[in-house]
Amino acid sequence: MENPANIPEKLFKPYSAAGTEGRIYKLWEKSGFFNPDTCIEKGHTKPDAESFSIIMPPTNANGSLHAGHGLVMTLEDIMVRYKRMQGYKTLWLPGLDHAGFETQVVYEKKLEKEDRSRFDMSHEELYKEILDFTLTNSTNIKSQIRSMGASCDWSREKFTLDPDIVTTVYSTFKKLSEDKLLYRGKRIISWCPKHQTSFSDLEIADEERMDPLYYLKYGPFVIATVRPETKFGDKYVVMHPLDPRYSEYANGQKIDLEWINGPITATIIKDDSIDMEFGTGVMTITPWHDAADFAIAERHKLDKEQIIDEKGKLLPIAGEFSGMHISKARKLIVEKLQTKGLVEKIDDKYKHVVRTCYKCGTLIEPQIKSQWFVKMKPLAERALEKINADEINYIPEQYKKITTYWLENIIDWNISRQIVWGIPIPAKICDSCEEGFVDLDNTQTTCTTCGKELRQDTDTFDTWFSSSQWPFAALGYPESPDFKNYYSTDVLETAGEIIFFWVSRMIMLGLYVTGEIPFETVYLHGLVLDAKGQKMSKSKGNVINPLDLTSKYGTDAFRIGMVVGNTPGTSLALAEDRIRGYSKFANKMWNVTRFVLENTYDLPTDEKVTLDAADQKSLDELYALIKEITVEMDEYKFYIVAEKLYHHFWHSFADVIIERSKTKITAGGDAKRSAQALLREELNILIRALHPFMPFVTEEIWSMIDRSETPLMVSSWPQA
RNA sequence: GCGCGAUUAGCUCAGUUGGUAGAGCAACUCAUUUACACUGAGAAGGUCGCAGGUUCGAGUCCUGCAUCGCGCACCA
């Protein structure tokens with residue numbers, strides 16, 4: 001076959017993503033250009049260039065890439081490649097997360113299958129097994145991140161359990177303690193009876209349920225409750241001080257009455273948190289197992305008594321029901337109350353909200369426990385100042401409102417978890433007076449309050465406590481040059497779902513420790529849903545594995561398919577058609593390249609060509625487009641840039657300009673040269689502009705159209 | 001209960017400061033040997049959730065309502 005243009009053989013076949021992507025990624029890695037220092041050494045970035053940095057949300061080391069990750073990697077890589085091409089000193093720092101609770105749950109399931117249980121293992125044994133498990137699996141996720149084309153600097157990769165990270169987390173813990181922002185409190189916490197650990201308020205899911213509401217005779221009163229099984233210890237009866245129905249009773253007044261297990265003496269409490277409209281306007285309280293009741297008990301300094309143990313079984317106070325699981329006990333207790341004539345009525349269509357473990361759906365059983373808490377108000381106030389001064393740019397903007405509302409109403413953060421897999425809390429506990437002492441150097445042995453012997457705290461930190469320090473910890477705060485060069489980072493890109501869990505807490509802790517905001521822009525993407533707009537879940541069987549799509553249609557097709565029309569914050573329905581369409585686009589680019597090479601080889605690259613009017617107009621339009629999209633890139637409107645580039649490439653360049661060039665090339669002379677020059681320029685500019693979106697196919701094409709031997713990833717973003 | 005968001009073509013969604021509605025996919029009609037069938041040309045498809053209001057002019061601004069989704073909340 002004739003081939004005067006000396007066109008590579010592969011260009012005569014359809015574009016093969018599978019035959020290209022792995023090779024290109026290796027080439028990039030070998031070049032070292034993911035590392036900004038190399039870009040400077042080799043002269044692609046000026047040493048005094050402005051920096052641009054993104055810290056990759058640490059990926060669960062033990063996990064597998066899901067559709068949401070696919071979007072994270074795509075969006076962040078687009079930003080990073082764009083800035084790198086523009087000459088910024090660009091760092092994208094990858095990291096892995098030990099993902100404390102999440103990983104422990106996965107491991108527990110594995111143990112269960114093997115007929116083992118974590119409760120039969122020592123701390124050390126379990127920790128070591130999970131560590132091995134995690135480290136073994138971590139190569140998997142890393143190769144999946146690579147397959148997405150992520151141009152992150154692997155030489156700077158961090159893991160949340162790296163010793164230097166742990167050191168930073170410990171020093172923050174100590175600083176909080178010294179600044180009196182940390183306390184060990186015996187307070188009501190959310191407890192999951194299945195997982196045997198406490199949670200912060202964020203790990204709790206609300207669920208609307210229909211349950212019977214029992215109206216029980218309590219001496220002269222009638223009280224309404226959905227949880228008769230907690231009522232054994234109720235010896236306080238509470239009503240509103242202004243409720244005329246109960247004006248004859250005084251605060252503190254004692255009354256004798258017959259209750260579940262016999263006669264008791266109850267005390268009347270008047271508290272204005274009581275809603276006079278609800279039920280009878282009277283309730284009894286269970287301070288050990290209800291946050292609202294706990295608050296009332298605190299206000300009036302009332303006794304608190306534990307009724308239910310950590311596994312959800314009734315304690316001896318329940319008399320004949322002692323040792324019984326609450327799920328079984330309720331029915332029997334109601335029966336007994338009925339026998340005693342203490343049930344006034346049952347409203348069996350009562351709609352209310354229960355709190356469940358976000359992971360297993362088990363009903364949360366509030367318990368009073370000694371735990372470490374961070375005082376959040378002072379931290380939140382500093383964050384609010386910065387946010388209200390617009391020092392942090394939220395995309396989309398509505399997240400600013402959501403964040404400020406949360407910060408204004410923040411409650412203290414319980415950072416203790418009763419799980420093994422995590423960063424151990426460096427503290428000593430006095431079991432006798434329930435004091436806790438921060439002890440990084442492991443030197444304190446006796447309680448300074450009561451003199452008794454201390455034990456090591458066996459709890460670990462909430463994973464989010466360490467990941468909230470990630471931007472500065474991963475950059476080597478406080479001494480590393482990277483910290484000085486790249487903090488504050490430019491963009492934090494993650495799922496809108498973790499706005500409170502992670503983003504807001506990073507702002508607070510970043511500000512607290514370093515005095516600076518951790519990032520200037522927060523870009524939050526929405527959920528990735530299935531083709532029908534349903535949330536993906538294993539139980540529904542509608543989970544789309546991004547790697548199936550990339551292996552079928554190519555990573556480039558997947559990437560641009562994820563981006564086009566996907567506005568920040570809005571959830572995306574991931575339909576296969578969507579991705580398939582863009583695999584055709586990669587092939588279109590491939591064929592266009594062949595046409596351009598075949599038809600321009602005889603035009604010397606250094607020849608000055610004057611374009612004719614029509615061609616000049618086309619070129620002006622292209623420059624106008626580049627100008628527009630450069631602005632839109634800076635505004636993070638990738639969804640529109642991707643669409644415009646796609647549209648221009650296909651429907652202007654291919655359909656109009658190439659078609660027009662055919663007759664001009666046949667005509668020869670100036671018309672031919674004008675057409676040829678335009679073809680070359682269009683292709684050159686569009687391939688560069690498309691690179692952040694479709695890095696593989698563009699890099700491959702670049703190697704055929706550019707003679708400089710500079711990889712496209714460090715070539716320049718087109719100038720308008 | 002409070003708050004946030006959504007409601008635009010069959011589907012998924014754009015629509016910047018108000019100026020006669022756009023894209024992709026799907027469906028429809030033609031075209032078929034040189035860049036590309038992973039193609040080209042063309043046509044069709046929407047009283048922009050409903051009701052008011054501001055305006056010369058509203059998908060866009062204001063008010064109310066409806067439906068869906070999501071947060072937050074110590075009414076037992």
Side-chain angles (χ1 to χ4, degrees), chain A residues 7 11-15 188 201-202 204-206 213-216 223-228 230-231 234 238-240 273-287 290-296 350 352-353 355 366 396-403 405-406 408-409 411 496-497 499-500 526-527 529 531-533 535 553-554 557 560-561 564-567 569-599 628 631-632 635 637 639-640 642-644 646-647 650-651 654-655 658-659 661-662 679:
Chain A
I7 288 165
L11 207 48
F12 289 98
K13 295 179 193 142
Y15 172 66
I188 191 146
D201 52 318
L202 292 181
I204 308 305
D206 289 348
L213 181 65
Y214 304 93
Y215 286 80
L216 307 177
I223 58 159
T225 179
V226 276
R227 300 198 63 191
T230 65
K231 295 287 152 198
D234 289 12
V238 193
M239 60 213 69
H240 198 282
S273 69
I274 299 295
D275 181 356
M276 288 188 260
E277 308 287 306
F278 187 90
T280 54
V282 186
M283 68 174 198
T284 61
I285 57 168
T286 315
D290 185 287
D293 295 359
F294 179 83
I296 293 172
Y350 175 61
H352 68 143
V353 172
R355 310 175 76 223
E397 228 172 319
Q398 78 225 32
Y399 279 105
K400 183 181 159 180
K401 249 190 264 179
I402 296 173
T403 300
Y405 182 83
W406 184 72
E408 280 159 8
N409 297 286
I411 63 172
E497 273 184 304
I499 177 90
F500 305 140
L527 246 48
L529 308 171
K532 289 177 195 148
K535 197 165 175 172
Y553 301 111
I560 195 164
V564 171
N566 183 14
T567 44
T570 312
S571 53
L572 167 83
L574 179 56
E576 191 163 335
D577 273 347
R578 197 187 176 100
I579 307 302
R580 196 182 55 216
Y582 292 105
S583 72
K584 294 181 186 173
F585 181 48
N587 194 55
K588 186 81 181 177
M589 290 161 70
W590 197 245
N591 286 310
V592 164
T593 303
R594 173 160 81 247
F595 179 86
V596 172
L597 287 177
E598 278 183 323
N599 289 284
E628 260 173 57
V631 171
E632 285 157 350
E635 291 171 344
K637 292 180 179 166
Y639 60 98
I640 191 96
E643 188 181 319
K644 280 182 179 172
Y646 171 86
H647 203 259
W650 202 309
H651 300 296
D655 290 348
I658 286 186
E659 288 309 315
S661 76
K662 287 176 183 172
L679 289 178

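Here is how names work: the chains are called A, B, and so on, in the same order as the sequence lines, proteins then strands, and each is numbered from 1. Remember, it's a predicted structure, so these values are computed and weren't measured experimentally.
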A.B. asks: State, to 0.1 Å, how close A:Pro287 and A:Ile188 come at their nearest heavy-atom pair, and which atoms those are.
C.D. replies: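 Answer, listing the atom of A:Pro287 first, then A:Ile188: O-CD1, 3.4 Å.
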A.B. asks: Could you measure the distance from the CG atom of A:Leu679 to the CD atom of A:Glu598? Nearest 0.5 Å is fine.
C.D. replies: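 So the CG of A:Leu679 and the CD of A:Glu598 are separated by 12.0 Å.
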A.B. asks: Taking the P atom of each, how far is B:G49 from B:G10, in whole Å?
C.D. replies: 13 Å
A.B. asks: Roughly how many Å is it from CD1 in A:Ile560 to P in B:C38, rounded to a whole number?
C.D. replies: 20 Å
A.B. asks: According to a strict under-4.0 Å criterion, is A:Lys644 in side-chain N/O contact with OP1 or OP2 of B:G15?
C.D. replies: no
A.B. asks: Please measure how far the P atom in B:G15 lies from the corresponding atom in B:G5, and state the result in whole Å.
C.D. replies: 15 Å
A.B. asks: In whole angstrom, give me the gap between the P atoms of B:G24 and B:U63.
C.D. replies: 36 Å
A.B. asks: Starting at CD1 of A:Ile579 and ending at C1' of B:C13, how long is that distance when rounded to a whole Å?
C.D. replies: 14 Å
A.B. asks: Please give the distance between the P atoms of B:A73 and B:G18 as a whole number of Å.
C.D. replies: 37 Å
A.B. asks: What does A:Gly281 touch in the nucleic acid at a heavy-atom separation under 4.0 angstrom: a base, only the sugar-phosphate, or nothing?
C.D. replies: base
A.B. asks: When rounded to the nearest 0.5 angstrom, what distance separates OG1 in A:Thr284 from CD1 in A:Ile223?
C.D. replies: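 Taking OG1 in A:Thr284 and CD1 in A:Ile223, the distance rounds to 3.5 Å.
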A.B. asks: What does A:Gly279 touch in the nucleic acid at a heavy-atom separation under 4.0 angstrom: a base, only the sugar-phosphate, or nothing?
C.D. replies: nothing
A.B. asks: Given B:A76, B:A35, B:G5, identify the nucleotide with an atom nearest to the side chain of A:Gln398.
C.D. replies: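 Looking only at side-chain atoms, A:Gln398 lies closest to B:G5.
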A.B. asks: Counting the atoms with a prime plus P, OP1 and OP2 as sugar-phosphate, which does A:His651 contact under 4.0 Å by heavy atoms, base, sugar-phosphate, or nothing?
C.D. replies: sugar-phosphate
A.B. asks: If you compare all heavy atoms of A:Tyr214 against all heavy atoms of A:Val226, which two are closest, and at what distance to 0.1 Å?
C.D. replies: CE1-O, 4.2 Å
A.B. asks: Is the distance from OP1 or OP2 of B:C36 to the nearest side-chain N or O of A:Lys584 less than 4.0 Å?
C.D. replies: no
A.B. asks: Atom CG of A:Leu527 to atom P of B:A6: distance rounded to whole Å?
C.D. replies: 16 Å
A.B. asks: The side chain of A:Thr570 is closest to which nucleotide in this list: B:A23, B:A76, B:A14?
C.D. replies: B:A14
A.B. asks: Could you run down the sub-3.5 Å N/O contacts of the protein with nucleotides 10-12 of chain B?
C.D. replies:
none

A.B. asks: Heavy atoms only, 4.0 Å cut-off, all strands: where does A:Tyr639 land among base, sugar-phosphate and nothing?
C.D. replies: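 Sugar-phosphate, no base atom in range.
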A.B. asks: Side-chain donor or acceptor of A:Lys401 under 3.5 Å from a matching atom on the base of B:C4?
C.D. replies: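 Absent.
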A.B. asks: Sticking with atom P, work out how far B:U60 lies from B:G53, rounded to a whole angstrom.
C.D. replies: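 Roughly 14 Å separates the two P atoms.
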A.B. asks: RNA chain B: stems of at least 3 consecutive Watson-Crick or G-U pairs, cut-off 3.5 Å?
C.D. replies: B:1-7 with B:66-72, B:10-13 with B:22-25, B:28-31 with B:39-42, B:49-53 with B:61-65
A.B. asks: If you look at every heavy atom in A:Ala654 and A:Lys588, which pair is closest and at what distance?
C.D. replies: CB-CE, 3.6 Å
A.B. asks: Separation of A:Lys588 atom NZ from B:G24 atom P, in whole Å?
C.D. replies: 13 Å
A.B. asks: Looking at every strand, decide which applies to A:Tyr350 at a 4.0 Å heavy-atom threshold: base, sugar-phosphate, or nothing.
C.D. replies: sugar-phosphate
A.B. asks: Please work out if A:Ala586 contacts a base, only the sugar-phosphate, or nothing of the nucleic acid, heavy-atom cut-off 4.0 Å.
C.D. replies: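 Counting heavy atoms under 4.0 Å across all strands, no contact is made by A:Ala586.
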A.B. asks: Applying a 4.0 Å non-hydrogen cut-off, can you work out what A:Arg227 is touching in the nucleic acid: base, sugar-phosphate, or nothing?
C.D. replies: nothing
A.B. asks: For A:Ile579 versus A:Gly561, what's the shortest heavy-atom pair and its separation?
C.D. replies: CD1-CA, 4.0 Å
A.B. asks: From CD1 of A:Ile640 over to C1' of B:C13, roughly how many Å is that when rounded to an integer?
C.D. replies: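 Going from CD1 in A:Ile640 over to C1' in B:C13 covers 11 Å.
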A.B. asks: Using atom C1' in both nucleotides, what's the gap between B:A27 and B:A9 to the nearest angstrom?
C.D. replies: 12 Å
A.B. asks: Can you tell me how far CG of A:Asp234 sits from CZ of A:Arg227, rounded to the nearest 0.5 angstrom?
C.D. replies: 11.0 Å
A.B. asks: Would you say the side-chain atoms of A:Arg355 pair up with the backbone N or O of A:Ile204, donor to acceptor, closer than 3.5 Å?
C.D. replies: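 Pair absent, no side-chain N/O of A:Arg355 close to backbone of A:Ile204.
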A.B. asks: What integer number of Å spans the C1' atoms of B:A66 and B:A21?
C.D. replies: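 Result for the C1' pair: 25 Å, nearest Å.
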A.B. asks: Side chain of A:Pro14: nearest nucleotide among B:G15, B:C38, B:C36?
C.D. replies: B:C38
A.B. asks: Show me the protein contacts with nucleotides 70-74 of chain B, counting only N or O atoms at under 3.5 Å.
C.D. replies:
none

A.B. asks: Are OP1 or OP2 of B:A35 and a side-chain N or O of A:Tyr15 less than 4.0 angstrom apart?
C.D. replies: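 It does not, given that no N or O in the side chain of A:Tyr15 lies less than 4.0 Å from OP1 or OP2 of B:A35.
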A.B. asks: If I take atom CD1 in residue A:Ile188 and atom P in nucleotide B:A76, what distance separates them, rounded to the nearest angstrom?
C.D. replies: 14 Å
A.B. asks: Looking only at heavy atoms, what is the nearest atom pair of A:Ala531 and A:Ala573, with distance?
C.D. replies: O-CB, 3.9 Å
A.B. asks: Judged by atom type as modelled, is there a donor-acceptor pair below 3.5 Å linking the side chain of A:Arg578 to the main-chain atoms of A:Val564?
C.D. replies: yes
A.B. asks: What's the closest nucleotide to the A:Phe595 side chain, out of B:A35, B:C75, B:G15?
C.D. replies: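 Closest of the options to the side chain of A:Phe595: B:A35.
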A.B. asks: With rounding to whole Å, what would you report as the distance between B:G1 and B:C75 at their C1' atoms?
C.D. replies: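 The same atom, C1', in both gives a distance of 10 Å.
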A.B. asks: Quick check: closest heavy atoms across A:Asp293 and A:Ile285, and the distance to 0.1 Å?
C.D. replies: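 Heavy atoms only, the tightest pair is OD2-CA, 3.4 Å.
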A.B. asks: Below 30° counts as parallel, above 60° as perpendicular, anything between as tilted: where do the rings of A:Tyr646 and A:Trp650 land?
C.D. replies: tilted
A.B. asks: Would you mind classifying the nucleic acid contact of A:Ile296 as base, sugar-phosphate or nothing, using non-hydrogen atoms under 4.0 angstrom?
C.D. replies: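 No contact.
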A.B. asks: Over how many whole Å does the gap from A:His352 atom NE2 to B:C75 atom P extend?
C.D. replies: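 For the pair A:His352 NE2 and B:C75 P, the rounded distance is 12 Å.
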A.B. asks: So does A:Tyr405 get a backbone contact from the side chain of A:Asn409, meaning a donor-acceptor N/O pair under 3.5 Å?
C.D. replies: yes
A.B. asks: Within the 4.0 Å heavy-atom criterion, would you say A:Thr567 contacts the bases, only the backbone, or no part of the nucleic acid?
C.D. replies: sugar-phosphate
A.B. asks: What's A:Glu659 touching, base or sugar-phosphate or nothing? Going by heavy atoms closer than 4.0 Å.
C.D. replies: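 Base contact - A:Glu659 has a heavy atom under 4.0 Å of at least one base atom.
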A.B. asks: Can you check whether A:Phe595's main-chain N or O pairs, donor with acceptor, with A:Asn599's side chain at less than 3.5 Å?
C.D. replies: yes
A.B. asks: So which one's nearest nucleotide on RNA chain B is more toward 5', A:Lys637 or A:Ile658?
C.D. replies: A:Lys637
A.B. asks: Among the nucleotides B:A23, B:A35, B:A26, which one has an atom lying closest to any side-chain atom of A:Arg580?
C.D. replies: B:A26
A.B. asks: Can you tell me the distance, in whole Å, between the NZ atom of A:Lys662 and the C1' atom of B:U33?
C.D. replies: 12 Å
A.B. asks: Does the plane of the ring in A:Phe278 sit parallel, tilted or perpendicular to the ring in A:Tyr350? Use 30° and 60° as the thresholds.
C.D. replies: perpendicular
